[in-house]
Amino acid sequence: MSDGTIRKNIQVGAEVEVVQKHHQRTGELTNGIVKRLLTKSPSHPHGIKVQLETGEVGRVKQVLSS
């Protein structure tokens, strides 16, 4: 498992855990497969923003598999 704050750790098709905007207070995580990387910078302190194949958008907390 790798850190979700560094863009190069995340590839399209990777299985990740993200926290969606409306779950930031509770920290509830959503599992999914990365469809698109939305953050352009090489890193972000709160996690790289991605869109999952289901259409959900969130910041990556953990990369489960690449």
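For the atom pair CG (Leu52) and CD (Glu15), the distance works out to 10.5 Å, reported to the nearest 0.5 Å.
Counting heavy atoms from C-beta outward, Leu37 and Gln51 have side chains that stay 4.5 Å or more apart. Counting heavy atoms from C-beta on, the side chains of Leu64 and Asn31 come closer than 4.5 Å. Annotation: side chain of Val57 is in contact with side chain of Lys49 (closest heavy-atom distance under 4.5 Å).
With Val18 as the fixed residue, the side-chain contact (heavy atoms from CB on, under 4.5 Å) test singles out one of Val60, Ile48, Leu29: Val60.
Closest approach of Glu28 to Val19, counting heavy atoms only: O-CG2, 3.6 Å. The two atoms that bring Val34 and Gln11 nearest to each other are CB-O, 3.7 Å, heavy atoms only. Across all their heavy atoms, Arg36 and Leu38 have their closest contact at NH2-CD2, 3.3 Å. Residues Lys61 and His46 come closest through the heavy atom pair NZ-O, 3.0 Å. Closest heavy-atom contact between Ile10 and Val63: CG1-CG2, 3.8 Å. Scanning all heavy atoms of the two residues, the minimum distance from Val12 to Lys35 falls at CG1-O, 3.6 Å.
If you check the side chains of Glu56 and Thr54, you find a donor sitting under 3.5 Å from an acceptor.
Side-chain atoms of Thr39 do not come within 3.5 Å of backbone N or O of Ser41 as any donor-acceptor pair. Between the side chain of Arg59 and the main chain of Gly47, a donor-acceptor pair closer than 3.5 Å is present. When atom types are taken as modelled, the side chain of Asn9 and the backbone of Asp3 share a donor-acceptor pair closer than 3.5 angstrom.
Taking His23 as the reference, nothing meets the ring pair (Phe, Tyr, Trp, His ring centres under 6.0 Å) condition, with sequence neighbours excluded.
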Inset, instruction - I would like to know whether Thr5 and His44 meet side-chain contact (heavy atoms from CB on, under 4.5 Å); could you show each step before the answer? - result: CA-CA 5 Å; Thr5 62; His44 191 283; 5.9 Å; no
